[in-house]
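Worksheet: the structure to be examined is printed underneath.
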Amino acid sequence: MTQASARHILVSTEAKCNELKAAIEGGADFAQVARENSSCPSGRDGGNLGTFSPGQMVPEFDTVVFSAPLNQVQGPVKTQFGYHLVEVTDRQG
C-alpha cells in the first residue's frame, strides 16, 4: 500500500502562505516556520504529520502529497481548513 510522510504549515490567507514559502525558499527552516506560524496543532512538532495512506487527508492535500516531488515545498494548497505549504518527506509503495 502506498504511504507518504509529510509536514505542513497551515495559515488562514494565501498571502501569508506565499510570504512563508518565500521565507523557506530563502533559507528559513521549515520546522521553525511551522512552529511560529502554523495554526494546526502539528505546528508544535515542526508541522510533522507522520505517515499516512491515500484517503486519510482531504482530497486537495492527498493530490499534492501523492504526486509532488520529495523535499520540495508545495503550495499554497487551499483546503476547507485554509492554505497549506506541504513538503513530502518520504513516499513508499
Side-chain angles (χ1 to χ4, degrees):
M1 171 175 258
T2 302
Q3 292 195 310
S5 299
R7 56 188 185 166
H8 82 133
I9 298 169
L10 174 63
V11 295
S12 59
T13 69
E14 187 173 12
K16 183 66 172 178
C17 204
N18 282 319
E19 175 189 321
L20 297 178
K21 184 176 184 180
I24 293 165
E25 288 174 342
D29 179 63
F30 189 103
Q32 188 61 37
V33 172
R35 281 190 283 276
E36 293 172 359
N37 295 278
S38 185
S39 61
C40 180
S42 69
R44 290 191 295 273
D45 189 26
N48 186 12
L49 295 170
T51 301
F52 50 92
S53 301
Q56 289 187 269
M57 301 291 179
V58 293
E60 304 91 339
F61 206 85
D62 261 11
T63 298
V64 172
V65 169
F66 292 99
S67 66
L70 296 180
N71 304 310
Q72 290 183 18
V73 178
Q74 305 295 314
V77 177
K78 186 178 188 328
T79 71
Q80 69 211 42
F81 303 105
Y83 294 87
H84 306 256
L85 291 179
V86 182
E87 183 182 40
V88 184
T89 56
D90 187 48
R91 192 167 37 237
Q92 317 249 326

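Just so you know, these numbers use all the heavy atoms, side chains as well, and skip hydrogens, waters and symmetry mates.
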Does Y83 belong to the same Ile/Leu/Val/Met/Phe/Trp/Tyr cluster as V73, with side-chain heavy atoms less than 4.5 Å apart forming each link?
-> yes
ILVMFWY network linking L85 to F81, side-chain heavy atoms under 4.5 angstrom =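 Not linked; separate clusters.
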Side-chain donor-acceptor pairs of residues 2-11 under 3.5 Å, sequence neighbours excluded:
unit_1 : atom_1 : unit_2 : atom_2 : d
S5     : OG     : T51    : OG1    : 2.8
R7     : NE     : E87    : OE1    : 2.5
R7     : NH2    : E87    : OE1    : 2.7
H8     : ND1    : H84    : ND1    : 2.9
H8     : NE2    : S42    : OG     : 3.3

Quick one: ring pair (Phe, Tyr, Trp, His ring centres under 6.0 Å) pairs with a partner in residues 19-56, sequence neighbours left out?
->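 Listed once each, the pairs would be none.
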Who pairs with Q92 by side-chain hydrogen bond (donor to acceptor under 3.5 Å, both in side chains), at least two apart in sequence or on another chain?
-> D90
Summary of salt bridge (charged side-chain N to carboxylate O under 4.0 Å, His left out) pairs that have at least one residue in residues 18-33, sequence neighbours excluded | K16-E19
Salt bridge (charged side-chain N to carboxylate O under 4.0 Å, His left out) pairs, two or more places apart, involving residues 34-49 |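 For residues 34-49, and leaving out neighbouring residues, there are no salt bridge (charged side-chain N to carboxylate O under 4.0 Å, His left out) pairs at all.
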May I ask you to list the residues sharing a hydrophobic cluster with M1, side-chain cutoff 4.5 Å, ordered by chain and number?
-> none
For P76 against C17, the heavy-atom pair lying closest together |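 Looks like CB-SG, 3.6 Å.
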Compare every heavy atom of A34 with every heavy atom of G47, then report the nearest pair and how far apart it is.
-> N-CB, 3.7 Å
Would you tabulate the side-chain donor-acceptor contacts of residues 57-70 under 3.5 Å, counting partners in other chains and residues two or more places apart, or write 'none'?
unit_1 : atom_1 : unit_2 : atom_2 : d
D62    : OD2    : G55    : N      : 2.5
T63    : OG1    : P59    : O      : 3.0
S67    : OG     : T63    : O      : 2.5

Residue list, side-chain contact (heavy atoms from CB on, under 4.5 Å) with A15, at least two apart or on another chain = T13
